[in-house]
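First the structure, in the form of structure tokens, and then the observations on it.
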Amino acid sequence: MVNNAILSFDGKSIELPIYDSTTGEKCIDIRKLREQTGAVMFDPGLGNTAPCQSSITYVNGEKGILRYRGIPIETVAEKMTFVETAYLLIYGHLPNKNEMKAFSNRLTNNELLHEGLLHHFDAFPSNGQPMSILSAVVNSLICYSPEIMDTTNEEALDNAIAAIISKVRTIAAFSYRKAMGLPYIYPDPERSYCDNFLHMMFSIPNKMHQPTQEAVKALNLFLLLHADHEQNCSASTVRIVGSAETNLFSSVASGICALWGKLHGGANVAVFEMLTNLANNKETIPEFIERVKNKETRLMGFGHRVYKTFDPRARILKNAVFALLDAEEMKNDPLIKIALDLEKIALDDDYFISRNLYPNVDFYSGMILRALHIPLNMYTVMFSIGRMPGWIAHWLEGKRGEKKLVRPRQLYTGNVLADYVEVDKR
Ligand code: CMC
């Protein structure tokens with residue numbers, strides 16, 4: 001068995017250790033590369049770089065496999081709740097009954113926002129971007145939990161973890177209520193995580209909202225399918241920020257900002273806009289596909305850095321959309337028809353086949369949210385609520401594992417040395 005890779009460089013042979021991951025992928029250790037050669041690796045987008053070890057989530061993009069702590073996503077989707085999934089990702093094992101009860105109680109005890117925080121919502125314009133409001137308010141939670149600045153206080157950390165998972169849902173619902181000019185509806189400790197969120201979103205003071213079982217189930221599924229996805233852009237952001245020993249609240253707030261972009265979590269909004277434009281006959285599907293192939297635009301919700309086949313989350317969501325639509329009698333939804341037509345065309349077209357472009361999680365997730373009456377500008381906020389356990393798990397792994405400030409190198413292409421020119425001579 002070969003344990004080292006040999007790199008021939010500048011007339012010298014350098015041995016680089018090779019590690020096996022538990023699932024068999026090989027990893028070449030280049031930590032001594034610069035010391036031994038003076039050279040660094042060039043890898044824009046870090047598609048060939050493993051900046052850390054991790055035991056949280058496994059993705060095999062060629063085979064379309066996703067597992068949380070070793071458990072297949074299909075099993076998680078069938079058997080688990082979002083809260084149980086959050087515990088699994090964060091604490092590394094399935095909770096027993098007592099652990100589950102204690103965790104749920106901690107979430108309930110942390111569901112209220114400090115009344116002082118409510119004034120933050122007043123300061124934002126009513127048409128403020130919900131992702132910006134969410135990241136700002138989550139970041140400001142540290143002002144109300146200064147005890148976690150003591151990084152040795154594990155009890156405070158457990159409370160902070162529960163506070164984020166619980167309060168992010170309250171913050172999301174309150175920012176929606178504020179934007180709509182509706183009174184805040186406080187969380188109800190008797191309700192489950194998802195039921196409670198829908199209550200805070202849609203109850204009115206004289207009429208409590210009682211979501212259907214199907215709606216609660218669909219929201220649970222949406223959230224748990226988004227709960228982690230190994231070293232994606234936002235999880236990597238959280239890990240980078242955390243590597244500077246930045247507190248948990250601020251680190252996950254940076255994850256929210258990273259998620260916002262339309263190549264990442266913002267894609268769920270972009271998919272929906274794309275489908276709506278097509279439904280409104282802004283252009284025909286063949287005209288749109290032609291523009292995609294001419295690289296004037298992208299087929300949003302398609303393609304993935306890691307998956308080179310159907311994203312397993314997209315498959316599960318697609319089935320769930322149909323189940324939910326049956327319940328809500330929305331079978332003839334024009335957007336669903338367009339999504340199915342686009343999917344069929346793309347799966348048969350050489351442009352997409354040759355580039356391994358398949359539907360990703362965002363292709364169908366908006367359909368679930370729409371059926372739940374979540375407004376479009378909240379779609380990426382919903383993704384953030386779902387992704388929170390993953391960000392927390394990555395932050396903890398960085399804190400407890402091999403601590404190393406993330407500080408990459410570069411391939412410098414600027415001036416070697418330049419003269420300063422006085423302003424009147426430029
Ligand atoms: N539509 C049309 N062409 C595409 C698409 C797409 N959605 N995605 C990739 N391509 C083409 C791209 O133009 C390139 O073609 P060529 O080889 O001729 O230059 C080739 O496929 C490879 O693309 P890439 O940009 O180098 O691949 P990547 O791994 O950097 O991109 C991606 C991954 C997700 C950014 C990209 O597929 C994309 O922009 N998809 C649309 C946005 C989207 O749905 N994002 C959600 C991702 S999943 C959820 C999440 O991470 O949050």
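In listed order, ligands and their atoms are each counted from 1.
For ligand 1, the atoms lying closer than 4.0 Å to a non-hydrogen atom of L299 are 1 (N), 2 (C), 6 (C), 7 (N). Ligand 1 places these atoms under 4.0 Å from at least one heavy atom of G301: 43 (C), 44 (O).
Contact check for E283 versus N277: no side-chain heavy atoms found under the 4.5 Å cut-off. Contact of the D20 side chain with the K26 side chain is registered, since non-hydrogen atoms from C-beta on lie closer than 4.5 Å. Residues H226 and M382 fail the side-chain proximity criterion, which asks for heavy atoms closer than 4.5 Å.
Here the CE-CZ distance, from M200 to R169, works out to 4.5 Å after rounding to the nearest 0.5 Å.
The shortest N or O to N or O distance between R298 and ligand 1 is under 3.5 Å. For a threshold of 3.5 Å applied to N or O pairs, the pair formed by F302 and ligand 1 contains at least one separation below that value. Between R305 and ligand 1, at least one pair of N/O atoms sits closer than 3.5 Å.
Among all non-hydrogen protein atoms, the one lying nearest atom 9 (C) of ligand 1 is L357 CD2, 3.5 Å. Y351 OH, 2.9 Å is the protein heavy atom nearest to atom 3 (N) of ligand 1.
The side chain to side chain contact (heavy atoms under 4.5 Å, CB included) test with Y307 singles out one residue from V361, N360, N356, L66, and that residue is L66.
For atom 39 (O) of ligand 1, the nearest protein heavy atom lies closer than 4.0 Å. Closer than 4.0 Å to atom 22 (C) of ligand 1 lies none of the heavy atoms of the protein.
For Y186 and F174, the distance between ring centers is under 6.0 angstrom.
When heavy-atom distances to ligand 1 are checked against a 4.0 Å cut-off, H304 comes that close through both its backbone and its side chain. When heavy-atom distances to ligand 1 are checked against a 4.0 Å cut-off, V271 has no atom that comes that close, whether in backbone or side chain. Of all the heavy atoms of R355, the ones lying under 4.0 Å from any atom of ligand 1 belong exclusively to the side chain. Under 4.0 Å from ligand 1, not a single heavy atom of F363 appears.
Heavy-atom distances between F383 and ligand 1 reach below 4.0 Å in at least one pair. Using a 4.0 angstrom heavy-atom cutoff, L263 counts as in contact with ligand 1. Contact analysis leaves G45 out of contact with ligand 1, as no non-hydrogen atom separation drops below 4.0 angstrom.
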Q. Going through the distances and angles, do H373 and H209 end up as a ring-ring contact (aromatic ring centres under 6.0 Å, His included)?
A. CA-CA 13 Å; H373 306 291; H209 177 68; 8.6 Å; no

Counting only pairs under 3.5 Å, give me each side-chain donor-acceptor contact of residues 120-128, with atom names and distances, residues two or more places apart or in other chains.
residue, atom, partner, partner atom, Å
H120, NE2, Y144, OH, 3.3
D122, OD1, K178, NZ, 3.0

